[in-house]
Engineer: 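Submitted below is the structure of interest, expressed as structure tokens.
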Amino acid sequence: MADPPRSGDPDWDRREMLARRHLQDGLARGGLVPDAVWVDYLTLGGGLSAEDLAAAVTGDLPLRRRDHDLLAHAVNERLAADVERVPYSDQIG
């Protein structure tokens, strides 16, 4: 039997791992760690603790679509202009 959806959104559940990889790559391109963008993420409306956010990025906790988009925005704001951006959830195939 298949595992139940993690988020209740089968479309997002299918793309969550790829979204997480994009976040990890974006953080690496910027020389950042989740703690470095946590305050920016909170300012944008995020609600995860720093520890939970880091766990969502590593895969230890589910990464919700909304949290991905807020974190992608926070990371993109810190990346240099000539660095590839982290895609938002609706841009992940």
Side-chain angles (χ1 to χ4, degrees):
M1 182 153 101
D3 291 334
R6 293 168 49 131
S7 70
D9 178 351
D11 182 53
W12 177 246
D13 291 336
R14 182 177 49 79
R15 296 185 290 167
E16 179 186 359
M17 186 184 316
L18 183 56
R20 183 177 293 110
R21 201 169 308 131
H22 282 296
L23 282 172
Q24 292 167 346
D25 291 346
L27 287 164
R29 283 192 297 275
L32 303 166
V33 295
D35 283 351
V37 294
W38 178 66
V39 171
D40 299 336
Y41 158 84
L42 286 180
T43 302
L44 292 167
L48 294 176
S49 68
E51 294 81 16
D52 286 349
L53 184 65
V57 170
T58 62
D60 292 332
L61 287 177
L63 178 64
R64 295 180 321 163
R65 182 187 300 254
R66 180 175 186 274
D67 291 318
H68 165 81
D69 287 342
L70 294 174
L71 185 55
H73 188 80
V75 170
N76 288 339
E77 288 291 313
R78 293 207 177 204
L79 293 175
D82 61 343
V83 175
E84 180 183 351
R85 297 296 187 234
V86 176
Y88 294 98
S89 61
D90 62 348
Q91 299 169 322
I92 298 171

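None of the values given here were measured: they were computed from a predicted structure.
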Engineer: Would the distance check show the side chain of Arg85 and the main-chain N or O of Val83 forming a donor-acceptor pair, the cut-off being under 3.5 Å?
Structural biologist: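 Yes.
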Engineer: Applying a strict under-4.5 Å side-chain criterion to I, L, V, M, F, W and Y, I'd like to know whether Leu42 and Val57 cluster together.
Structural biologist: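 Same hydrophobic cluster.
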Engineer: Between the side chain of Trp12 and the main-chain N/O of Leu63, is any donor-acceptor distance below 3.5 Å?
Structural biologist: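 Checking the backbone N and O of Leu63 against the side chain of Trp12, a donor-acceptor pair under 3.5 Å is found.
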Engineer: For the CG atom of Leu61 and the CG atom of Leu53, what is their distance to the nearest 0.5 Å?
Structural biologist: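 Taking CG in Leu61 and CG in Leu53, the distance rounds to 10.0 Å.
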Engineer: Salt-bridged, Asp69 to Arg66, with N to O below 4.0 Å?
Structural biologist: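 No, Asp69 and Arg66 are not salt-bridged.
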Engineer: May I ask you to decide whether Asp11 forms a salt bridge with Arg65, counting only side-chain N to carboxylate O separations under 4.0 Å?
Structural biologist: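 A salt bridge is present here (some side-chain N lies under 4.0 Å from a carboxylate O).
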Engineer: How far apart are the closest heavy atoms of Pro62 and Ala56, and which atoms are they?
Structural biologist: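 What the structure gives for the nearest pair is O-CB, 3.8 Å.
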Engineer: Supply the atom-to-atom distance Thr58 OG1 to Gln24 CD, rounded to the nearest 0.5 angstrom.
Structural biologist: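 With rounding to 0.5 Å, OG1 (Thr58) is 7.5 Å from CD (Gln24).
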Engineer: Working to the nearest 0.5 angstrom, can you tell me the gap between Glu77 CD and Leu44 CG?
Structural biologist: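 So the gap between those two atoms works out to 7.5 Å.
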Engineer: Okay, side chain of His68, backbone of Pro87: is any donor-acceptor separation there less than 3.5 Å?
Structural biologist: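 Checked: pair present.
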Engineer: According to a 4.5 Å side-chain heavy-atom criterion applied to Ile, Leu, Val, Met, Phe, Trp and Tyr, with indirect links allowed, do Val86 and Met17 form part of one hydrophobic cluster?
Structural biologist: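 Val86 does not cluster with Met17.
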Engineer: Once rounded to the nearest 0.5 Å, what's the spacing between atom CG of Asp9 and atom CZ of Arg64?
Structural biologist: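 Going from CG on Asp9 over to CZ on Arg64, the span is 12.0 Å.
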Engineer: Leu70, Val39: one ILVMFWY side-chain cluster at the under-4.5 Å cut-off?
Structural biologist: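 The answer is yes; both residues are in one hydrophobic cluster.
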Engineer: Could you check whether any side-chain N or O of Arg29 sits under 3.5 Å from a backbone N or O of Leu79, counting only pairs where one atom can act as donor and the other as acceptor?
Structural biologist: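 No, because the side chain of Arg29 does not come within donor-acceptor range (under 3.5 Å) of the backbone of Leu79.
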Engineer: How long is the gap from CG on Leu18 to CD1 on Ile92, to the nearest 0.5 Å?
Structural biologist: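 Leu18 atom CG to Ile92 atom CD1 measures 5.5 Å (nearest 0.5 Å).
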Engineer: Using only atom types and a distance under 3.5 Å, with no angle test, would you say the side chain of Asn76 pairs donor to acceptor with the backbone of Ala72?
Structural biologist: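 Confirmed, Asn76 side chain pairs with Ala72 backbone.
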Engineer: Just by modelled atom types, is the Leu48 backbone N or O under 3.5 Å from a matching donor or acceptor in the Tyr41 side chain?
Structural biologist: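 Yes: the side chain of Tyr41 pairs with the backbone of Leu48.
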